[in-house]
Amino acid sequence: MPQYGSSPDDIAFAVNVLRSGGLVAFPTETVYGLGADAANERAVMTVFSTKGRPADHPLIVHLATAAEMTRWALDIPDVAWRIAERFWPGPLTLILRRAPGVSDAVTGGQDTIGLRVPAHPVALALLKAFGGGIAAPSANRFGCISPTSAAHVLAEFGHSLPCVIDGGRCEIGLESTILDLSGGSPRVLRPGAITPAALNQILNTELATSTDNVPRVPGSLASHYAPETPLRLLPRAELKAAALALLQRGQTVTVVSSQPAEIHQSACHWLMMPDDAAQYGQSLYALLRDIDKSACDYILIELPPAQMQWEAVSDRLTRAAGKLQRESDSE
Ligand code: TXA
Ligand code: MG
């Protein structure tokens, strides 16, 4: 069983795997990452082949400290240092101009690079012991749901990885906020736990929040976070009628709502989710995985509130529903 904890021996083993060009799945406070030595082009390429990820989709380089940004990025604006000081270690990725010598394999050939200092103590222990940058996407197969536990990583890759570090359940459960500071006005490319309002407290310029037409960010593909089971997002008032219509057609349905069950039939599994955005975000991916494992034909999820603290949850749910939406649009 390629599974390790956070003892010094386990971390030392993981460091050896990274130094020899192998992959290490490790916990962060957002989701589990599939890490490789960011300075080893062949190791980084293994990440792409293992995930089935297209080679032009850039990876985030994880660092132990903000000071290490200078090894990977160029022309780092003052605001990036201030943002890093306020939010790192934490669930925020900064897009900056890449330094010369950084491999095209990491950046997908772009002239920018994504950097993050994660807050999970095991990730930080690994980064400190390794002493370099760890390039890591989420530890899932391309297009699938990000893992928020070591068990999810094993479900994705079986025992084919040389090292999976178990750091428990991810505290945040949704991928980091991505903030582009590579030129022009700052832009959020992917919403996450760090909200535009929090970022605006440090940024002097106005923060563009549009994620329209963002190039080469897999998370911006409509169905990127999709479960296998068809999923539809509906206003609370429409859940019951939609579920009854499916049940009448003989289908089994899981309803995810903020309200107690309105239907009591064995073919309808009605789940109540937390009304707190952070708690909802933490459990969302595990929930979608569980539903995928159950014999359920259809998922109906209540639209979350249209408030800023729900933006990351809404974004992932909209993408999860995106595949089905596009299919029915083209019918
Ligand atoms: O929370 C997270 O960010 C997790 C943990 C493991 O750190 N990582 C993660 O990685 O979500 P991944 O590869 O699944 O998503 C990273 C996103 C992708 O959408 C990628 O395109 C974008 O970051 N990205 C990386 N470098 C970029 C760049 N130079 N320009 C624009 N987007 C970039
Ligand atoms: Mg991912």
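Whatever order the structure lists them in is the order used to number ligands and atoms, beginning at 1. If you're wondering where the values come from, they're calculated on a predicted model, not measured in any experiment.
Residues Arg236 and Ser257 have side chains that never bring a donor and an acceptor to within less than 3.5 angstrom of each other.
Numbered from 1 in the order shown, with element, the atoms of ligand 1 that lie under 4.0 Å from a heavy atom of Thr112 read 28 (C), 29 (N), 30 (N). Less than 4.0 angstrom separates some heavy atom of Ser176 from each of these atoms of ligand 1: 1 (O), 2 (C), 3 (O). In the vicinity of His62, heavy-atom distances shorter than 4.0 Å reach the ligand 1 atoms 5 (C), 6 (C), 7 (O). The contact set between ligand 1 and Thr30, taken as ligand atoms under 4.0 Å from a residue heavy atom, comprises 1 (O), 2 (C), 4 (C), 5 (C). For ligand 1, the atoms sitting less than 4.0 Å from at least one non-hydrogen atom of Ile178 are 17 (C), 22 (C), 23 (O), numbered in the order shown with element in parentheses. Which parts of ligand 1 touch Ile113 is read off a 4.0 Å heavy-atom cut-off, strictly below it: atoms 29 (N).
With hydrogens and angles ignored, the 3.5 Å screen pairs no side-chain donor or acceptor of Tyr298 with any backbone N or O of Leu247.
With a 4.0 Å heavy-atom cut-off, ligand 1 is reached by no atom of His57.
Assignment of Arg116 to the shell around ligand 1 is supported, since a heavy atom sits closer than 4.0 Å. Contact between Val31 and ligand 1 is present, with at least one heavy atom of the residue lying under 4.0 Å from the ligand.
To the nearest 0.5 Å, atom CZ of residue Arg98 and atom CG of residue Asp111 are 7.5 Å apart.
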Pair Gln259-Leu239, side-chain contact (heavy atoms from CB on, under 4.5 Å): steps then yes or no: CA-CA 10 Å; Gln259 300 302 304; Leu239 284 174; over 6 Å; no
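For atom 13 (O) of ligand 1, the nearest non-hydrogen atom from the set Arg53, Arg98, Gln110 comes from Arg53. The option with the heavy atom closest to atom 24 (N) of ligand 1, from among Gly35, Pro58, Ser138, is Pro58.
Ring-centre distance between Tyr285 and His152: not below the 6.0 Å cut-off.
Not one N, O or S atom of Ser146 sits under 2.8 Å from the Mg ion (ligand 2).
Arg116 and Glu29 are joined by a salt bridge, as a carboxylate oxygen and a charged side-chain nitrogen come within less than 4.0 angstrom of each other. Electrostatic pairing of Glu156 and Arg289 counts as a salt bridge here, judged by a charged N lying under 4.0 Å from a carboxylate O.
The aromatic rings of Phe26 and His62 sit perpendicular, their planes meeting at an angle over 60°, well past the 30° parallel limit.
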